[in-house]
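Here is how names work: the chains are called A, B, and so on, in the same order as the sequence lines, proteins then strands, and each is numbered from 1.
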Amino acid sequence: MTEEKSLNFLEDIIEEDLKTGKYKSIVTRFPPEPNGYLHMGHATSICLNFGLTRKYGGYTNLRFDDTNPVTEDTEYVESIKGDIKWLGFQWKNELYASDYFDTLYEYAVKLINLELAYVDDSTSEEIAELKGTPTEPGKDSPYRNRSKEQNLDLFERMKNGEFADGSRTLRAKIDMAHTNMLMRDPLLYRIKHAHHHRTGDKWCIYPMYDFAHGQSDSIEQITHSICTLEFVPHRELYDWLIEKLEIYPSHQYEFARRNLTYTVMSKRKLLQLVNDGHVKGWNDPRMPTISGMRRRGFTPASIINFCDRIGIAKRENATDFSLLEFCLREDLNNTALRAMAVLDPVKLIISNYEDGKTEEFESENGPDESLGKRIVPFSKELWIEREDFMEEAAKKWFRLAPGALVRLKSAYIVRCDSFDKDENGNITAIYCTYFPETKSGSDDSGMKVKGTIHWVSAQHADRAEVRLYDRLFKVEDPSAEEGDFKDYINPDSLQIANAFIEPSLKNASIDQRYQFLRKGYFCLDEDSTPEHPVFNRTVTLKDAWAKEVRK
RNA sequence: UGGGUUAUGGUGUAAAGGUAGCACAACAGAUUUUGAUUCUGUUUGUCUAGGUUCGAAUCCUAGUAACCCAACCA
């Protein structure tokens, strides 16, 4: 953290603006549309906008871009606010584009008075037809040269609800032959007799994005209005409107949206996953939504650190999912409490251990001693992981096999003597001898083993449902593949294990993160009840053996 | 056949004419009562072709490729 980090291009611009005295402090905004849940892409924008004002002084507004009443809802407003707070950011003002509808209407009238806007009676098909194409210029609308008085009158009557939806629009009068399609008389207002989540039925005309966003920035005196690359062509219009309206000159800057491998990140596609039942909801732990990731067990610190590491630039990108996993593990390794859980159990019986005897061992809760220790009970019959035993030891196999020795974590070293198998060839029991002098903490045997495995005492174990999540898609970029992106969904993205867990996990709390030794990081799910605990696997541990096997 | 934006290892991101760096990933090794963590090391890169310069990722010229723009969405 002490080493100097190079600046991204936005920080360069801001430092220059501050140095030259263009601004004394900066103001940014996070402008979500309240029509869906926030996802990892929004997290990048949140970290950027809030991070910049945190670093350089100033503040960030939360502004809901609620100019389209038919898709928006207060339900989303609440979830968005909750997600931002969970990430640990605090906005200065909670604002809504709809707060400015009166001012925006005045702005539109001003434009008409300047003869820079007109009411168009064309249908949407006619408008599209006259718009031209990127390679061909458009043609003027027959309504383009209406008088100022007539435009004023018609626009007011649009506001008063005299016309049907779609029958008229207000358009800026710029240049139908402009090489930038957005400058070919862009639509400013459209008629929608729709109930708005905040303004109710007061309005039946609503401003378009281009006539709301920049103007809202200006009203709030946003110094740096940061958005994604697809808005680059809008900047010309953004500046044009500010200039003609003679209002505070906010400036728009664009960065490339962040993509992540093995997932999709558009609201539309995420909505399909929900609606088609591929996931159980917006907060399904497999979803790249903030609420899904929170439920999965991601920490705010890991997400913020990730956003920090991937940086900001203007080129197309797809960040390795493994970097996100790295950030997650890095945080969780330091904070997660250790515990033992056996996900795919097989019985281990210690032949020379006294029937009915119980011992209690101490085991560390984590790498940091301040996390303390906990008691784990031990007895003659244990559950161990099925995959920790091999009938015939492979090369470099450190775990249990006939004749092989392993340490039972925090307990004794055992040697495998024999095993039982059913008619299907499944191992049903493993018989071992333990060495009393190898007791953890007071081992003076001098015996060395290569492997240590986790276990749970059969008579003390509790049951738990463990949900093992994996990536949602089988391919790096599902949207780029042939056919529908949903064809590439990973059918094994969720597997349910009926696990045995150690007794200390009875006290698990929903805010605590756990490392099930050698298996990964887990957290309690909201579906959990005291009678039926449910854990989510947040992420696996790195697994050198799995890699060895692949070779 | 228009306009705009972008090209640096497998991935992401630095280097404002002067040693192509950092992180993830991959690979090799050390340590380890988690095959985890930690530590050490290694491999891999300036879109192409010319030019300017003592010296070019950076400047110039000409190409090439990718992405965005023809919603009464944002």
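In terms of phosphate contacts, A:K448 brings no side-chain nitrogen or oxygen within less than 4.0 Å of OP1 or OP2 of B:rU33. Regarding contacts with the backbone of B:rG12, every side-chain N or O of A:R315 stays at 4.0 angstrom or more from both OP1 and OP2. OP1 or OP2 of B:rA26 lies within a sub-4.0 Å distance of a side-chain N or O belonging to A:K547.
A gap of 43 Å separates the P atoms of B:rC73 and B:rU61, to the nearest Å. Atom name C1', nucleotides B:rC24 and B:rU19: the rounded distance is 24 Å, in whole Å. Comparing the C1' positions of B:rC59 and B:rU46 gives a spacing of 15 Å, expressed to the nearest Å. As rounded to the nearest Å, B:rG9 and B:rA23 have C1' atoms that lie 13 Å from one another. With both ends at atom P, the span from B:rA30 to B:rA36 equals 13 Å, rounded to whole Å. If you take atom C1' in B:rU42 and the same atom in B:rG50, they sit 36 Å apart, rounded to whole Å. Separating the C1' atom of B:rG12 from that of B:rA7 is a span of 14 Å, rounded to the nearest Å. For the P atoms, the distance linking B:rA16 with B:rU32 amounts to 45 Å, nearest Å.
For the side chain to side chain donor-acceptor pair (under 3.5 Å) test, residues two or more places apart in sequence or in another chain that qualify with A:S410 are A:S363. With sequence neighbours left out, the salt bridge (Lys or Arg N to Asp or Glu O under 4.0 Å) criterion links A:K19 to A:E16. Residues that satisfy the side chain to side chain donor-acceptor pair (under 3.5 Å) test with A:T433, not counting sequence neighbours, are A:D417. A:T20 is linked by a side chain to side chain donor-acceptor pair (under 3.5 Å) to nothing, counting only residues two or more places apart in sequence or in another chain. For A:T228, the side chain to side chain donor-acceptor pair (under 3.5 Å) partners are A:E230, not counting sequence neighbours. Residues satisfying the ring pair (Phe, Tyr, Trp, His ring centres under 6.0 Å) test with A:H42, not counting sequence neighbours, are A:H39. Applying the ring pair (Phe, Tyr, Trp, His ring centres under 6.0 Å) rule to A:Y107 yields no partners; only residues at least two apart in sequence or on another chain are considered.
Rounded to an integer number of Å, the gap from A:E136 CD to B:rG2 C1' is 10 Å. Put simply, CG on A:L323 is 9 Å from C1' on B:rU11, counting in whole angstrom units. When the P atom of B:rU5 is taken as reference, atom CD of A:E254 falls 9 Å away, rounded to whole Å. With rounding to whole Å, A:Y262 atom OH is found 11 Å from B:rA25 atom C1'. The interatomic distance linking A:L7 (CG) with B:rA14 (P) rounds to 10 Å, in whole Å. The separation between A:R184 atom CZ and B:rG4 atom P is 13 Å, rounded to whole Å.
Ionic pairing of A:E330 and A:R309 is present here: one or more N-O contacts between side-chain nitrogen and carboxylate oxygen are shorter than 4.0 angstrom.
The stretch residues 8-20 of chain A comes close to RNA chain B through A:N8, each having a heavy atom under 4.0 Å from the strand.
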Considering only nitrogen or oxygen atoms on both sides, find all protein atoms under 3.5 Å from nucleotides 36-47 of chain B and state each distance.
from: B:rU37; atom 1: O2'; to: A:N333; atom 2: ND2; distance (Å): 2.9

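A:M340 and A:R374 get closest at one heavy-atom pair: N-NH2, 4.0 Å.
For A:T452 against B:rU34, a side-chain-to-base donor-acceptor contact under 3.5 Å is absent. Counting distance only, with no hydrogens placed and no angle test, the side-chain atoms of A:R407 and the base atoms of B:rU32 include no donor-acceptor pair under 3.5 Å. Between the base of B:rG12 and the side chain of A:R258 there is no donor-acceptor pair shorter than 3.5 Å.
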Indicate every side-chain donor-acceptor pair of residues 260-268 of chain A with a distance under 3.5 Å to a residue at least two apart or in another chain.
from: A:T261; atom 1: OG1; to: A:F321; atom 2: N; distance (Å): 2.9
from: A:S266; atom 1: OG; to: A:K269; atom 2: N; distance (Å): 3.1
from: A:K267; atom 1: NZ; to: A:N35; atom 2: OD1; distance (Å): 2.6

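At the heavy-atom level, A:I453 lies nowhere under 4.0 Å from the strands shown. When heavy atoms are screened at a 4.0 angstrom cut-off, A:W455 is found touching no nucleic acid atom at all. In this structure, A:G520 reaches neither bases nor backbone, as no heavy-atom distance under 4.0 Å exists between it and the strands shown.
Side-chain N/O atoms of A:E359 and A:Y353 include a donor and acceptor closer than 3.5 Å. Under the 3.5 Å distance criterion, with hydrogens and angles disregarded, a donor-acceptor pair is assigned to the side chains of A:E136 and A:T133.
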**Request:** Show your working on salt bridge (charged side-chain N to carboxylate O under 4.0 Å, His left out) between A:D388 and A:R399 and close with a plain yes or no.
**Result:** CA-CA 6 Å; A:D388 283 340; A:R399 285 117 90 153; 3.1 Å; yes
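For A:F522 and A:F516, the gap between ring centers is short of 6.0 Å.
Considering only side-chain atoms of A:K314, the nucleotide from B:rU6, B:rU13, B:rA23 that sits closest is B:rU6.
Residue A:E129 places its CD atom among 12 or fewer non-hydrogen atoms of other residues, nucleotides or ligands, all under 6.0 Å distant.
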**Fill in**
A correct 5'-to-3' footprint of nucleotides 66-74 of chain B, with B, S and - meaning base, sugar-phosphate only and no protein heavy atom under 4.0 Å, is -SSSB-BSB
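The side-chain tip of A:R146 does not point at the ring of A:Y118 from less than 6.0 angstrom away and within 45° of straight on.
Stem analysis of RNA chain B (at least three stacked-register Watson-Crick or G-U pairs, each with both distances under 3.5 Å) gives B:2-7 with B:64-69, B:10-13 with B:21-24, B:26-30 with B:38-42, B:47-51 with B:59-63.
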